[in-house]
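Chain letters run A, B, ... following the sequence lines, proteins first and then strands; every chain starts at 1.
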Amino acid sequence: MEVNKLINSINDAVSEVFDGSTIMIGGFGEAGSPVELIHALIDNGSRNLTIIANNAGNGRIGLGALIGQRQVNKVICSFARSHKSITFKEQYEKNEIELEVVPQGTLAERIRSAGAGIPGFYTATAVGTPLANGKESKMFDGKEYILEKALSADFAFVKAENADRYGNLSFNKTARNFNPIMCMAAKQTIVQVKNFIDVKETDPEKVITPGIFVDKIVEVKNPLIETHAIENGEVYP
Amino acid sequence: MEVNKLINSINDAVSEVFDGSTIMIGGFGEAGSPVELIHALIDNGSRNLTIIANNAGNGRIGLGALIGQRQVNKVICSFARSHKSITFKEQYEKNEIELEVVPQGTLAERIRSAGAGIPGFYTATAVGTPLANGKESKMFDGKEYILEKALSADFAFVKAENADRYGNLSFNKTARNFNPIMCMAAKQTIVQVKNFIDVKETDPEKVITPGIFVDKIVEVKNPLIETHAIENGEVYP
Amino acid sequence: MMKSKLKTLKLGWTRNQIASKIANDLPHGSYVNLGIGMPELVSQFVEENKEIIYHSENGLLGMGPPALENEVDYELINAGKKPVTILPGGSFCHHADSFSMIRGGHIDICVLGAMEVSENGDLANWTTGKGIPAVGGAMDLVAGAKNIFVMTDHLTKYGEPKLLKECSLPLTGKSVVTRVYTNYAIFGIEKSGFKLLEINEDINFDYLKKCTEGKIIQ
Amino acid sequence: MMKSKLKTLKLGWTRNQIASKIANDLPHGSYVNLGIGMPELVSQFVEENKEIIYHSENGLLGMGPPALENEVDYELINAGKKPVTILPGGSFCHHADSFSMIRGGHIDICVLGAMEVSENGDLANWTTGKGIPAVGGAMDLVAGAKNIFVMTDHLTKYGEPKLLKECSLPLTGKSVVTRVYTNYAIFGIEKSGFKLLEINEDINFDYLKKCTEGKIIQ
C-alpha cells in the first residue's frame with residue numbers, strides 16, 4: 001500500500017469543513033489564492049466561518065464570494081481595504097462581519113509559530129500603536145516587545161504549483177507567500193495543485209513544503225485568473 | 001558596479017574575527033561543517049572565543065583543533081559527547097572550558113529567532129527537566145512552557161555547495177542543517193562554498209539562503225572529508 | 001500656529017526630484033524596501049554605478065522593474081499587487097522568511113510615505129481612524145528595517161504641516177523614522193527634533209519653520 | 001523491593017521481536033522518528049503492505065536504509081551521524097524547519113530508548129548526571145511528537161527495574177511517554193500507572209510485578 005493524498009473530487013476534498021470552522025486561506029492578492037477550493041466551500045455551504053488570510057477577498061469570486069454568501073463571521077487579516085474588496089466592505093460597514101487586524105509580519109509569524117509548536121513569541125512590531133492594546137509587553141535588553149500568540153486553524157486551503165502523492169509541494173513565484181506556513185498550522189491542510197507529478201520528479205533539495213504538512217491534494221489544472229475574472233464581472237456561484 | 005561578495009583569500013575572509021568573538025559554526029557532525037574556515041581561524045589566532053554549534057568537534061581538525069589550540073572559552077551546543085570528541089573532553093574534565101547544553105531544537109529555534117528579530121519565544125521542550133532551571137515559565141491553554149531567548153553571534157561560519165556573487169546559497173543534502181539559520185543570526189556571515197556559480201545559474205525558486213543573509217564567500221573546491229581525515233590521524237595545524 | 005491659513009503651493013522639489021535625492025542616499029549593495037505609492041519612484045533614479053537589491057515583503061528579493069504587458073504573470077507581483085519582474089540573482093521565499101528579513105534587521109533601508117511624522121521619529125501612515133483599518137506590512141517594516149526614510153509632501157493637501165511635535169493619528173511605530181525627505185527639505189531625526197540636512201533653494205528658512213510644527217534644528 | 005537480587009536473565013522477547021511488535025503498531029502512512037540505537041531496528045520489521053515515512057531530525061524526511069558502501073555520502077547522514085539514503089519523495093530541510101515538524105506535533109510517533117520511565121510517563125534517557133551532559137534532540141522529541149514509544153530492556157544490566165514510581169535520574173520530559181515496549185511486556189501509560197497491554201508468554205504476572213517498581217494496571 002502506498003501513501004497517496006490525492007483526492008479526485010474537489011467537493012470531497014472540503015467535505016469535512018463544518019459550521020464554525022476556522023480556515024486559513026493562502027495567497028497574497030491573487031497570487032497563490034486557492035479560488036477553486038473556496039468555491040467548493042461555497043457549494044459545501046458551511047457557515048459561521050472564521051477566515052485567516054492576508055486580504056478579505058476581491059470582487060464576487062473566491063473569498064469575496066464566500067463572504068458575499070454570508071458564510072463568514074470573522075476575518076483575521078492584515079489588509080481588508082482594497083477598491084476591489086466589495087463584499088467585505090458592504091458587511092463591515094453594516095457591522096455584519098467582524099475584523100481582526102494583524103500586522104502582516106506578525107500574522108505570518110503567528111501562523112508559523114502555531115505550526116512550529118511555539119505558543120507565543122515577542123516582537124517589536126506594533127509596540128506603541130493601537131494594535132498593541134491589551135497585549136502583554138516585556139523588556140529585552142532595554143527595548144520593549146509585545147507578546148503575540150500562535151494562530152492555528154481547523155483547515156488550511158492552499159494553492160500550489162506541483163505536488164506528488166506524499167504532498168510535497170512547490171509554488172509558482174510570489175504565489176508561495178502564506179501557503180507554506182499555513183500548511184504547517186492547520187489540523188487539516190487541503191491543497192489545490194496545478195500539476196500532480198510523479199514522485200520520481202520530486203527533487204529532495206527543492207521541496208518547499210514537505211508532505212508531512214499536507215493532508216489532501218486535489219488537481220485544478222486551469223485555475224481561474226482573478227484579474228481576468230473580475231474584469232469580466234464573473235460571479236460565483 | 002556589481003555586488004560581489006567573493007573574497008579571494010580564506011585568511012582575509014576571517015580577518016575581522018577578534019578576541020572574545022562569539023562565532024556560530026554550521027554543520028551537524030561532519031555534514032556541512034566549514035572545516036577550512038575554522039582552520040583559517042586557527043591561523044588568525046583569535047582567542048577567548050565562544051562557539052555556538054551542534055557539536056564540540058571531532059579529532060584534531062576543524063572545531064576539535066580550534067579547541068585543541070585553546071582558542072575557545074565556551075561552547076554552546078546540544079551534544080558535546082562523542083567518542084571522537086577528544087579535545088573538548090580533555091579540557092572539560094579539567095574545568096578548562098565552559099559548556100552550555102541546549103536541546104537541539106531549542107538551539108535551532110533560538111538561532112532562527114535571532115535572525116528573525118524575535119528576542120524570545122515559549123517552548124514546551126525541557127519543561128520539568130534540569131535544563132529549565134532558572135528559566136521563566138508561562139501557561140498557555142493550561143500547559144506550561146518556558147521562555148527561551150534569541151541566540152546571536154558576531155560571526156557565522158558556514159559551508160555551502162553553491163553560491164553566486166550575491167551570496168545566494170544552496171546546500172548538499174543533510175549538510176543544510178544549521179547553516180541557513182546561522183546565516184541569519186550573525187552580524188557577519190562567512191561562507192565557504194564548493195562551487196562559486198554565475199548568477200545566471202541561480203534558480204530563484206531554489207535558493208535556500210538568500211544573499212541578504214551572507215556577507216563574504218570564499219571558494220573551497222575540495223574540502224577535507226572529516227571521516228577520512230580522522231581515520232588518517234590528520235592534525236591541524 | 002496658523003495651520004489652516006497655509007496655502008498648498010507646489011513649491012520646492014518635484015516628486016521625481018525627491019525620489020532622486022533618496023536614490024542618491026542609497027548605498028551601493030544595500031537591501032531596500034520601497035513602500036507602495038510615491039516611494040516606488042525611487043528606483044528609477046539610482047545611478048548606473050551602483051547596485052541596489054529590492055525586497056518586496058510578499059516574498060521577493062531582487063525585484064526588477066514593473067512587468068511589461070508581455071511579461072505579466074499574475075503570480076509574480078509586488079507588495080502593491082502589481083505585476084513585476086525578478087532580476088538575475090533574485091529569489092522567492094514564504095511570508096515568514098520574508099518578514100524575518102524585515103524584523104531581523106536585514107533590510108538596510110525602507111522608504112515609506114507618511115500622514116504624520118513627529119519630531120522624535122514617530123510615524124503615522126496606516127489609518128486616519130476612519131473606514132476599514134488596514135495595516136499591511138507597515139508596522140513590521142518600521143519596527144524592523146535598519147533605516148526608515150519617509151518620503152512625503154511637506155504639507156497635507158489642506159496645507160497643514162505633516163511634521164509635528166506629536167502625531168495626532170494612530171501610530172505605525174514609535175521613534176522609528178531616521179530621515180524625512182519632503183518637497184521643501186531633508187531632515188534627519190535627532191533626539192531634539194528634525195535636524196535640517198538640506199533645504200530647497202526656493203524655500204526660505206522662516207517659511208520652512210512656519211510649515212513645520214515640530215522643532216527644527218539647524 | 002529486592003532490586004539487587006533479580007538476575008539479568010535474557011528472558012522474554014528478543015530485541016528483534018520487540019522491534020517487530022513496535023513495527024506492527026505503526027499505522028500506514030505515519031511519520032515516525034526512530035531514536036539512535038535499539039529503536040533503529042524497528043524499520044526492518046514493517047510489513048510490506050504499509051508505508052512509513054521516517055524523519056531524521058537533522059533535516060531529512062523520507063529517510064531510507066543505511067547507505068551501502070558504494071552509496072556513502074558523508075553529507076547524507078542520519079541523526080546518529082551514520083551515512084543513510086533518501087527514498088523517492090523524501091526531502092531535506094534546515095534544522096529550524098526540521099524541529100518545527102517535531103515541536104509542532106507533526107511527527108506521529110517517536111521511538112526512543114530509556115534509562116528510566118515512571119508510572120506517570122516521565123522519561124529519563126539523556127544523562128546519568130556523570131560525564132559530559134549531552135542532550136541532542138531528545139527533549140524536543142519527547143515534548144513534541146504526538147506519541148512517545150519507549151523501547152527498552154525491562155531491567156538494567158544490573159537487574160534493576162527501569163519502570164519506576166518516580167525517575168531518579170534527570171528527566172528528559174515530564175508525562176511524555178505514551179507506550180512502553182520491553183522484553184517482558186507492553187504497557188500503555190495511564191494516569192494510574194503502567195497499563196498492561198501484552199505480556200510475553202514466558203513471563204508470569206507475579207514475576208513481572210517483581211521486576212517493575214511502578215504500579216501495573218491489568
Side-chain angles (χ1 to χ4, degrees), chain A residues 28-33 54-56 58 77-82 84-85 88-89 92-93 99 101-109 111-113 115-116 123-132 144-145 159 161 171-182 184 208-209 225-228, chain C residues 36 56-61 63 72-86 90-105 120-124 126-127 129 131-144 167 169-176:
Chain A
F28 178 89
E30 70 187 290
S33 174
N54 188 63
N55 302 102
N58 286 326
C77 78
S78 88
F79 204 86
R81 193 173 61 216
S82 149
K84 288 191 277 181
S85 186
F88 178 82
K89 187 165 187 276
Y92 182 81
E93 287 173 350
L99 171 65
V101 186
V102 182
Q104 199 173 137
T106 296
L107 181 64
E109 192 64 19
I111 293 167
R112 189 253 176 205
S113 288
T123 177
T125 298
V127 168
T129 80
L131 297 190
E144 188 184 352
Y145 296 83
K159 184 186 180 192
E161 188 72 6
F171 301 89
N172 179 35
K173 306 185 183 74
T174 57
R176 193 180 300 190
N177 57 62
F178 283 90
N179 285 306
I181 51 176
M182 287 181 171
M184 299 168 64
I208 303 302
T209 290
I225 294 172
E226 187 184 286
T227 295
H228 296 168
Chain C
I36 299 164
S56 185
E57 61 265 32
N58 56 319
L60 170 52
L61 187 68
M63 182 169 62
V72 168
D73 179 336
Y74 292 108
E75 295 198 319
L76 176 47
I77 60 176
N78 66 9
K81 288 155 193 165
K82 290 181 212 129
V84 292
T85 53
I86 183 169
S91 60
F92 300 107
C93 64
H94 64 55
H95 252 78
D97 282 348
S98 182
F99 278 83
S100 292
M101 295 177 193
I102 295 169
R103 203 189 304 100
N120 69 337
D122 295 353
L123 174 67
W126 72 285
T127 182
I132 301 172
V135 67
M139 285 188 185
D140 308 281
L141 283 161
V142 300
C167 295
L169 294 173
L171 293 189
T172 310
K174 264 197 94 62
S175 298
V176 292

(message) Using heavy-atom distances under 4.5 Å, tell me whether C:Thr172 contacts chain A through its side chain, its backbone, both, or neither.
(response) backbone
(message) I'd like to know if the side chain of C:Asp122 reaches the main chain of C:Cys167, judged simply by a donor and an acceptor atom lying under 3.5 Å from each other, with no hydrogens or angles considered.
(response) no
(request) Quick one: which of C:Ala143, C:Ala134, C:Ala79 has the most heavy-atom pairs under 4.5 Å with chain A, could you say? (result) C:Ala134
(message) Just verifying a value: how many Å separate C:Leu171 CG and C:Leu123 CG, rounded to the nearest 0.5 Å?
(response) 8.0 Å
(message) Under 4.5 Å from any heavy atom of chain C, what part of A:Val101 do you find: side chain, backbone, both or neither?
(response) side chain
(message) With chain A as the partner, which of C:Gly144, C:Gly59, C:Gly137, C:Ser91 has the greatest number of non-hydrogen pairs under 4.5 Å?
(response) C:Gly137
(request) Kindly compute the distance separating CD1 (A:Ile181) from CD1 (A:Ile111), expressed to the nearest 0.5 Å. (result) 5.0 Å
(request) Not counting sequence neighbours, list each pair that qualifies as a salt bridge (charged side-chain N to carboxylate O under 4.0 Å, His left out) and has a residue in residues 131-140 of chain C. (result) none
(message) Quick check: closest heavy atoms across C:Leu76 and A:Lys173, and the distance to 0.1 Å?
(response) CB-CD, 3.7 Å
(message) Centre-to-centre under 6.0 Å for C:His94 and A:Phe178, is that the case here?
(response) no
(request) Look at C:Glu75, C:Lys174, C:Glu57 and state which one has the largest set of heavy-atom pairs under 4.5 Å with chain A. (result) C:Glu75
(message) Counting only non-hydrogen atoms closer than 4.5 Å, does A:Phe171 touch chain C with its backbone (N, CA, C, O), its side chain (CB onward), both, or neither?
(response) neither
(request) Select one option (side chain, backbone, both, neither) describing which atoms of C:Asp97 are under 4.5 Å from chain A's heavy atoms. (result) neither
(request) Select, from A:Glu93, A:Glu226, A:Lys89, A:Arg176, the one with the greatest count of heavy-atom pairs under 4.5 Å involving chain C. (result) A:Arg176
(message) If we ignore hydrogens and angles and just use 3.5 Å, is the side chain of A:Asn172 paired with the main-chain N or O of A:Ala175 as donor and acceptor?
(response) no
(request) Tell me, for A:Arg81 versus chain C, whether the close heavy atoms (under 4.5 Å) come from the side chain, the backbone, both or neither. (result) both
(message) Using a 4.5 angstrom heavy-atom cutoff, name the option from C:Ser98, C:Gly173, C:Ser100, C:Gly136 with the most pairs to chain A.
(response) C:Gly136
(request) Sort out for me which of A:Thr123, A:Asn179, A:Leu131, A:Ile225 touches chain C most, counting heavy-atom pairs under 4.5 Å. (result) A:Leu131
(message) Report which part of A:Thr227 has an atom under 4.5 Å of a heavy atom belonging to chain C: side chain, backbone, both, or neither.
(response) side chain
(request) Sort C:Ile102 into side chain, backbone, both or neither according to what part of it lies under 4.5 angstrom from a heavy atom of chain A. (result) neither
(request) Measure distances from A:Phe28 to the heavy atoms of chain C and classify the residue's part below 4.5 Å as side chain, backbone, both or neither. (result) both
(request) Say whether, by atom type as modelled, one donor and one acceptor occur between the side chain of A:Ser78 and the main chain of A:Pro103 under 3.5 angstrom. (result) no
(request) Look at the side chain of A:Asn177 and the backbone N and O of A:Ala31, then say whether any donor-acceptor pair between them is shorter than 3.5 Å. (result) yes
(message) Under a 4.5 Å cutoff for heavy-atom pairs, which residue among C:Gly131, C:Cys93, C:Ala138, C:Ala124 has the most contacts with chain A?
(response) C:Cys93
(message) With a 4.0 Å cut-off on N to O distance, would you call A:Lys84 and A:Glu30 a salt bridge?
(response) no
(request) Identify which part of C:Phe99 has an atom lying under 4.5 Å from any heavy atom of chain A, answering side chain, backbone, both or neither. (result) side chain
